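Below, chain A is the first sequence line, B the second, and so on; all start at residue 1. As a basis for the values below, the full set of heavy atoms in this structure was taken, side chains included, without hydrogen atoms, waters or symmetry mates. Predicted, not measured: the structure shown is a model, and the values here were computed from it.
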2 protein chains.
Amino acid sequence: MVRVVEPLDSSENRVSRAAAQRLSQYLRAADSVASGDGLVSSVELADAVGVSAAQVRRDLASVGHLGQRGVGYDVASLTAAIRRTLGVDRRWRAVLVGVGNLARALVKYRGFSAHGFDLVGLYDTAPRIVGTTIGELRVEPMSQLAESLKRNRAELGILTVPAEAAQATAEALVAAGVRGLMNFAPVRLRVPDHVAVVAVDLAIQLQQLAYLVHFSDESPDVDRTRLNT
Amino acid sequence: MVRVVEPLDSSENRVSRAAAQRLSQYLRAADSVASGDGLVSSVELADAVGVSAAQVRRDLASVGHLGQRGVGYDVASLTAAIRRTLGVDRRWRAVLVGVGNLARALVKYRGFSAHGFDLVGLYDTAPRIVGTTIGELRVEPMSQLAESLKRNRAELGILTVPAEAAQATAEALVAAGVRGLMNFAPVRLRVPDHVAVVAVDLAIQLQQLAYLVHFSDESPDVDRTRLNT
DNA sequence: CGTTGTGAACTCATTCACAGCT
DNA sequence: AGCTGTGAATGAGTTCACAACG
C-alpha cells in the first residue's frame with residue numbers, strides 16, 4: 001500500500017455540481033462496499049449509488065487516475081482523492097443563525113462534526129433565546145455577529161431564520177466574511193459571486209415527492225431512487 | 001375516486017425532475033412578483049428564480065399554453081396550472097417514522113401543512129418515546145404501523161430514523177402501502193419501482209457547500225446561487 | 001482474464017433568435 | 001410595441017464500446 005508519489009497533483013479538478021454530489025455518494029459507499037482486500041470496482045460503486053458503471057469510471061477518472069486496470073480502485077487512496085477534490089480533507093467552521101426547532105435539531109446532529117464541520121457559534125435576535133445554551137454553545141445576539149465571527153473564524157453560515165429575515169441575515173453574514181451559506185429558508189438569496197449558496201428547501205422537496213407519486217400513477221415509468229436534487 | 005372531468009387538458013405533462021423543481025420555484029415566485037394587474041412576464045420570473053427567461057418560457061409552455069403573447073402570464077391561472085402539473089392541487093397525507101430531534105422540528109414546521117401536506121401519524125420503536133405527544137399527535141409503536149396506516153390512509157412516508165434502521169423502515173412503509181418516501185437518513189433506499197423516493201441528505205449538502213467554497217477560492221467562476229440539487 | 005480510461009455516439013437540456021399573437 | 005411559443009443551434013452530461021494494461 002505504497003501511497004506512491006501522487007506529488008503535485010497539479011490539476012485541482014473542477015467538476016459539475018451534480019458530479020460533486022455523486023462523488024460524495026461514492027465516498028460514503030466506498031467504505032461499506034469495500035471487499036476484504038480494500039478494493040472496489042466501478043460496478044460495485046455503481047450499484048451501491050444507483051448510477052451506471054460508466055458514469056462512475058468517468059467521474060473517478062476526472063478526479064485523478066486512481067484505478068488499476070484489471071483490479072479496481074484502492075478504497076483508501078480513492079477516498080483520499082475524493083476528499084481532496086471535494087475540499088473535505090480539512091475541517092470547516094460554521095455558524096448558525098436563527099435558533100428555532102430546526103436549529104436545535106441541527107446542533108444535535110452528530111453527522112455534522114463527523115463529516116468535518118464544526119459549529120462554532122449560534123445567533124438569534126429574540127431576547128428570550130439569546131443567552132440560552134444549546135449543546136455546548138451559548139446563543140449570542142445578532143449584534144455581536146461581526147465581532148464574534150471575526151474571533152471564531154467561521155467561513156460558513158447556516159441560515160435557519162424565517163423567510164422574511166433570510167436576505168438580511170445573509171447579507172450580515174456575508175459582510176462578516178462568510179464564504180458559503182447553507183440556506184434552510186424558503187427564499188432565493190441574492191449574494192455576491194464569491195459566496196456560495198446551497199439551498200435546502202423542504203417545501204420544494206415535498207412538492208417534488210408529490211409530483212413523482214402523482215405521476216407514478218398515470219404512467220409507471222418515472223425514474224425513482226435518486227438523490228435530491 | 002373519479003378525478004373529475006378536467007376538461008380536455010389531454011396532455012397531463014411529464015417533465016424532468018429538475019424542471020419540476022423549477023416549477024415549484026415559479027409557483028413560489030409568482031405570488032410575490034405579480035405586478036398589480038395579476039400578470040407576470042417570463043423575465044420577471046426568470047430573475048426571481050435565477051434562470052434565463054427562455055428557460056422559464058420553455059418550462060411554462062410544457063405545462064400548457066397559458067401565456068398571452070404580448071402580455072405575459074396570468075398569475076392565477078399560471079399557479080393553478082403548475083399546481084395541477086406538480087400534483088399539489090390536492091392535499092397529501094404523510095406519516096413520519098423515527099421521532100428524534102429532526103422529527104420534532106418537522107412536526108412543528110408550519111410550511112408543511114401550508115403546502116398541502118398533512119402529518120397524520122408518528123411512529124417509533126423506543127418505549128420511552130411511544131405514547132408521548134408531539135404537536136397534536138401521539139407517537140405510536142412501529143408494530144401498529146400497518147394497521148394504523150390503513151386507517152389513516154397516508155400515501156407518503158417520512159423517514160427520520162437512524163441510517164441502520166432506514167432500509168427496514170422503508171420496507172415496512174412500502175409494505176403498508178405508502179407510495180412515496182422522503183428520506184432523511186444518509187443511505188440509499190432500495191424500493192420497488194412504483195415507490196418514489198426523495199432524499200434529503202444533509203451530509204451531502206454540506207460537502208457540496210465545502211466543495212463550492214473550496215473552489216471559489218482557486219478560480220472565481222463556479223456558479224453559485226442555485227437550488228439544491 | 002477482469003477492469004479501467006476514454007474517444008465517439010448519443011441523449012437530454014438550455015439558449016438563440018425570430019415568427020406569431022395581442 | 002411587447003412578450004410568448006418554438007424550431008434550430010448549441011452545449012452538457014451520459015452511455016457505448018473497446019483499446020490498454022495489470
A.B. asks: Can you check the Arg58(B) CZ to dA13(C) C1' distance for me, whole Å?
C.D. replies: 10 Å

A.B. asks: Students often get this wrong, so: under 4.0 angstrom with heavy atoms, is Leu39(B) touching a base, only sugar-phosphate, or nothing?
C.D. replies: nothing

A.B. asks: Counting only side-chain N and O atoms of Ser16(B), is one of them less than 4.0 Å from OP1 or OP2 of dC12(C)?
C.D. replies: no

A.B. asks: In the structure I gave you, are the side-chain heavy atoms of Trp92(A) and Val213(B) within less than 4.5 Å of one another anywhere?
C.D. replies: yes

A.B. asks: What is the distance, to the nearest angstrom, from the CG atom on Asp37(B) to the P atom on dC3(D)?
C.D. replies: 11 Å

A.B. asks: Main chain of Ala210(B), side chain of His214(B): is a donor-acceptor contact present, judged purely on distance under 3.5 Å?
C.D. replies: no

A.B. asks: Can you give each donor-acceptor pair under 3.5 Å made by side-chain atoms of residues 170-183 of chain B, sequence neighbours left out, with the distance rounded to 0.1 Å?
C.D. replies:
| residue | atom | partner | partner atom | Å |
| --- | --- | --- | --- | --- |
| Glu171(B) | OE2 | Gln167(B) | NE2 | 2.7 |
| Arg179(B) | NH1 | Asp217(A) | OD1 | 3.3 |
| Arg179(B) | NH2 | Ser216(A) | OG | 3.0 |
| Arg179(B) | NH2 | Asp217(A) | OD1 | 3.0 |
| Asn183(B) | OD1 | Ala185(B) | N | 2.9 |
| Asn183(B) | ND2 | Ala185(B) | O | 3.2 |
| Asn183(B) | ND2 | Val187(B) | O | 3.0 |

A.B. asks: Tell me whether the side-chain N/O atoms of His65(B) come closer than 4.0 Å to OP1 or OP2 in dT6(D).
C.D. replies: yes

A.B. asks: Is the backbone of Gly98(B) close enough, under 3.5 Å, to the side chain of Thr160(B) for a donor and an acceptor to pair up by distance?
C.D. replies: yes

A.B. asks: Phosphate oxygens OP1/OP2 of dT15(C): is one of them under 4.0 Å from a side-chain N or O of Ser52(B)?
C.D. replies: yes

A.B. asks: Return the value, rounded to whole Å, for the distance between atom CG of Leu78(B) and atom C1' of dC3(D).
C.D. replies: 14 Å

A.B. asks: Does Tyr73(A) place a side-chain N or O at less than 4.0 Å from the phosphate oxygens OP1/OP2 of dG5(C)?
C.D. replies: yes

A.B. asks: Nearest whole angstrom, please: distance from the P of dC12(C) to the CZ of Arg22(B).
C.D. replies: 16 Å

